[in-house]
**Student:** 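Before we start, here is the structure in question, set down as structure tokens.
These figures come from a predicted structure and were not determined experimentally.
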Amino acid sequence: MSTIKEKLRKNAWAGAIAQPAQEFPATPLPVISGQIPPGLRGTLYRNGPARLERGGMHMGHWFDGDGAILGVHFTNAGATGVYRFVQTAGYKQEAAANQLLYGNYGMTAPGAIWNKWFKPVKNVANTSVLALPDKLLALWEGGKPYALDLQNLETYGEDDLGGLTDGLAYSAHYKRDPQTGEIFNFGIALGFTPTLYIYKSDATGKIVQKAAHKLDGLPIVHDFVLAGQYLVFCIPPVRLNLLPALTGFSSFSDAMAWQPSKGTQILVIDRQTLNLVSRGETEPWFQWHFGNGYVDASGTVIVDIARYEDFQTNQYLKEVGFGETHTAAKSTLSRIHINPQTGEVTNIQQILDRHCEFPSVPPQNVGQVFRYTYMSTFRQGTDISRELLNAIACYDYQTETLTEADLGENRYASEPIYAPDTENPEKAWILTVVYDGNSHRSEVWVFEALRLDEEPVCKLELPSVIPPSFHGTWKPA
């Protein structure tokens with residue numbers, strides 16, 4: 001049986017996770033080709049798992065990796081990059097001990113059996129980022145956010161945002177209203193009566209309102225959508241067998257069961273009151289991520305998702321962390337029509353028969369009618385059971401066409417991030433961090449937003465390899 005190290009050497013994309021990432025301080029980034037657009041001014045932030053082993057022990061799932069933040073500041077003087085691990089309490093303790101001490105999503109706590117009972121799960125702060133006026137938040141599913149300095153990424157510590165009391169969690173997938181500046185998010189409270197907490201914050205991130213809603217069993221709720229006056233949750237039929245997970249006899253990931261007979265539950269929440277408007281049920285599917293949502297002229301809620309037929313994606317993502325995948329998990333861009341007063345799904349439409357992940361829309365369109373969806377995908381002809389996402393694309397709903405950036409062989413792009421141009425409101429840019437498995441280096445590529453099929457307008461070289469990351473954001477200057 002091949003070892004983890006052999007697998008990591010075998011696959012081009014696996015070179016990016018073969019070793020723990022190397023931090024670097026604020027460093028001017030050389031321009032490899034093209035030039036930085038004069039209207040691209042602000043900061044790209046990205047977050048993802050950057051260390052998957054310590055002391056000779058490998059973590060159990062890609063989701064377990066310690067989070068590290070990349071910041072790329074674009075100014076009149078050029079581009080400067082900085083890359084730092086989030087100094088969580090668990091990260092610092094494990095670094096001092098040079099061994100893994102905690103359990104997480106895909107692993108139980110190592111060592112004696114009582115460690116599995118009494119050691120808390122480590123907050124790895126590795127999933128997304130929220131840029132606020134005075135701080136950057138590193139977000140994770142199961143705990144409080146960690147606050148960092150916007151410039152040098154120094155970790156300040158956990159932040160309760162003025163409302164995360166009694167151990168409440170703050171998820172990675174907030175939604176920010178482009179007109180009001182309000183920020184919506186949620187957290188799941190574990191236990192034998194699982195509860196969905198919903199938060200409304202002002203533009204500074206301070207929680208100003210929250211509500212609690214009981215859940216049926218303990219599902220995975222990774223994301224939700226803002227659609228006009230509603231917040232919509234589609235809760236797939238995945239349920240956690242709580243007892244094995246809490247007693248340490250199983251990791252959370254292994255205790256998750258796909259139960260399609262339960263169907264997908266639809267929760268529609270009023271964004272003003274945070275009260276439940278309706279609760280419905282429809283056919284089973286799984287999604288990690290939503291694209292966007294809005295209310296059409298008839299009052300129907302329209303929601304776009306990256307839709308999987310089952311939960312095989314969890315196994316695929318576990319395998320990614322070990323450097324070799326063999327599970328096919330295809331997601332397609334799909335559109336769901338919901339009656340908000342009843343929670344009934346009236347139509348499910350497949351928009352695109354291509355793998356779709358990390359779908360997003362320009363920030364100014366969040367919660368409203370939109371034309372373009374940006375996404376990560378695979379190059380045509382890719383064996384999706386063995387590769388990592390290796391292309392980005394834009395779908396135009398008006399022309400029903402897909403424009404794709406083909407990065408070439410053995411190159412892997414992060415989720416595309418939209419950056420409005422500061423000088424021309426008609427222009428915008430797409431930024432992605434590319435790992436080149438041919439040369440074992442990472443670069444920042446900048447595309448014109450509506451011309452992904454053309455050469456990047458700029459490529460920047462990063463000082464060290466950036467492992468594949470999950471989510472990022474753009475903070476305008």
**Student:** Contact between I417 and L44 at the side-chain level, heavy atoms closer than 4.5 Å - yes or no?
**Tutor:** yes

**Student:** Name the orientation class of the two ring planes belonging to H58 and F322 (parallel below 30°, tilted from 30 to 60°, perpendicular beyond 60°).
**Tutor:** tilted

**Student:** Any Lys/Arg nitrogen of R354 or E404 sitting under 4.0 Å from an Asp/Glu carboxylate oxygen of the other?
**Tutor:** yes

**Student:** Between F233 and F186, is the gap from one ring center to the other below 6.0 Å?
**Tutor:** yes

**Student:** Does the gap between the ring centers of Y170 and Y197 come in under 6.0 Å?
**Tutor:** no

**Student:** Given D304, which partner from the list H289, R335, Q287 fulfils the side-chain hydrogen bond (donor to acceptor under 3.5 Å, both in side chains) test?
**Tutor:** R335

**Student:** Does any N or O in the side chain of N410 come within less than 3.5 Å of the main-chain N or O of G437, such that one atom is a donor and the other an acceptor?
**Tutor:** no

**Student:** Before giving the answer on ring pair (Phe, Tyr, Trp, His ring centres under 6.0 Å), spell out for F85 and Y91 the whole-Å C-alpha distance, their side-chain angles and the decisive distance to 0.1 Å.
**Tutor:** CA-CA 9 Å; F85 279 95; Y91 178 89; 5.1 Å; yes

**Student:** Any pair with a residue in residues 64-81 that passes salt bridge (Lys or Arg N to Asp or Glu O under 4.0 Å), sequence neighbours left out, goes on the list, sorted by first then second residue, please.
**Tutor:** D66-K122

**Student:** Between D177 (side chain) and T180 (backbone), is there a donor-acceptor pair under 3.5 Å?
**Tutor:** yes

**Student:** Tell me which pairs pass salt bridge (Lys or Arg N to Asp or Glu O under 4.0 Å) where either residue lies in residues 361-373, with sequence neighbours left out.
**Tutor:** R371-D396

**Student:** Do the non-hydrogen side-chain atoms of L389 and F378 ever get within less than 4.5 Å of each other?
**Tutor:** yes

**Student:** Not counting sequence neighbours, list each pair that qualifies as a salt bridge (Lys or Arg N to Asp or Glu O under 4.0 Å) and has a residue in residues 20-33.
**Tutor:** none

**Student:** Taking 4.0 angstrom as the limit, do R84 and D149 come out as a salt bridge?
**Tutor:** no

**Student:** Counting only heavy atoms not in Q35, do more than 12 sit closer than 6.0 Å to its CD atom?
**Tutor:** no

**Student:** Charged N to carboxylate O under 4.0 angstrom, R271 versus E182?
**Tutor:** yes

**Student:** Which residues pass the side chain to side chain donor-acceptor pair (under 3.5 Å) test with T155, not counting sequence neighbours?
**Tutor:** none

**Student:** Please name all residues satisfying side-chain contact (heavy atoms from CB on, under 4.5 Å) with N424, sequence neighbours left out, ordered by chain then number.
**Tutor:** D421, E426, K427

**Student:** Between H471 and F358 (judged by ring centroids, cut-off 6.0 Å), do the two rings come close enough to count as a pair?
**Tutor:** yes

**Student:** Looking only at the aromatic ring of each residue, does the gap between the centers of W288 and F290 stay below 6.0 angstrom?
**Tutor:** no

**Student:** Kindly state each residue pair satisfying ring-ring contact (aromatic ring centres under 6.0 Å, His included) with at least one member in residues 21-47, sequence neighbours excluded.
**Tutor:** F24-Y83

**Student:** According to side-chain contact (heavy atoms from CB on, under 4.5 Å), who are the partners of T422, at least two apart in sequence or on a separate chain?
**Tutor:** R41

**Student:** Mind checking what makes side-chain contact (heavy atoms from CB on, under 4.5 Å) contact with H440, not counting sequence neighbours?
**Tutor:** Y435, V465

**Student:** Among pairs that include at least one residue of residues 468-477, which meet salt bridge (Lys or Arg N to Asp or Glu O under 4.0 Å), considering only residues two or more places apart or in two chains?
**Tutor:** none

**Student:** Can you list every pair that meets side-chain hydrogen bond (donor to acceptor under 3.5 Å, both in side chains) and has a residue in residues 451-470, with sequence neighbours left out?
**Tutor:** R46-S469

**Student:** Can you confirm if the aromatic rings of Y374 and Y395 lie within a centre distance of less than 6.0 Å?
**Tutor:** no

**Student:** A quick test of your reading: do over 12 heavy atoms of other residues, nucleotides or ligands sit less than 6.0 Å from CD of Q315?
**Tutor:** yes

**Student:** Any heavy-atom pair between the side chains of Y397 and Y372 that's under 4.5 Å?
**Tutor:** no

**Student:** Could I get the full list of side-chain contact (heavy atoms from CB on, under 4.5 Å) partners for S331, not counting sequence neighbours?
**Tutor:** A306, Y308, H355

**Student:** How far does CE of M57 sit from CD of E94, to the nearest 0.5 angstrom?
**Tutor:** 10.0 Å

**Student:** I'd like to know if the side chain of D270 reaches the main chain of T273, judged simply by a donor and an acceptor atom lying under 3.5 Å from each other, with no hydrogens or angles considered.
**Tutor:** yes

**Student:** For D202, does its backbone N or O pair with a side-chain atom of T204 as donor and acceptor, under 3.5 Å?
**Tutor:** no

**Student:** Decide, yes or no, whether a salt bridge links K144 with D160 under the criterion of side-chain N to carboxylate O below 4.0 Å.
**Tutor:** no

**Student:** Show the numbers, then the answer: is there a ring pair (Phe, Tyr, Trp, His ring centres under 6.0 Å) between Y105 and F63?
**Tutor:** CA-CA 7 Å; Y105 176 74; F63 290 178; 5.3 Å; yes

**Student:** Which pairs pass ring-ring contact (aromatic ring centres under 6.0 Å, His included) with one or both residues in residues 125-158, sequence neighbours excluded?
**Tutor:** none

**Student:** Are any side-chain N or O atoms of N292 and backbone N or O atoms of G367, one a donor and one an acceptor, separated by less than 3.5 Å?
**Tutor:** yes

**Student:** Hydrogens and angles aside, do E387 and Y412 bring a side-chain donor and acceptor to less than 3.5 Å of each other?
**Tutor:** yes

**Student:** Determine, for R411 against E409, whether the closest basic-nitrogen to carboxylate-oxygen distance falls under 4.0 angstrom.
**Tutor:** no

**Student:** Is there a donor-acceptor pair under 3.5 Å between the side chain of Q87 and the backbone N or O of E154?
**Tutor:** no

**Student:** Between NZ of K206 and CG of D159, what distance do you get to the nearest 0.5 Å?
**Tutor:** 12.0 Å

**Student:** Taking atom types as modelled, find out whether S414 and T432 have a side-chain donor-acceptor pair closer than 3.5 angstrom.
**Tutor:** yes

**Student:** Is there a donor-acceptor contact under 3.5 Å from the side chain of Q209 to the main chain of I198?
**Tutor:** no

**Student:** Decide whether N123 and Y102 meet the rule of one side-chain donor and one side-chain acceptor closer than 3.5 Å.
**Tutor:** no

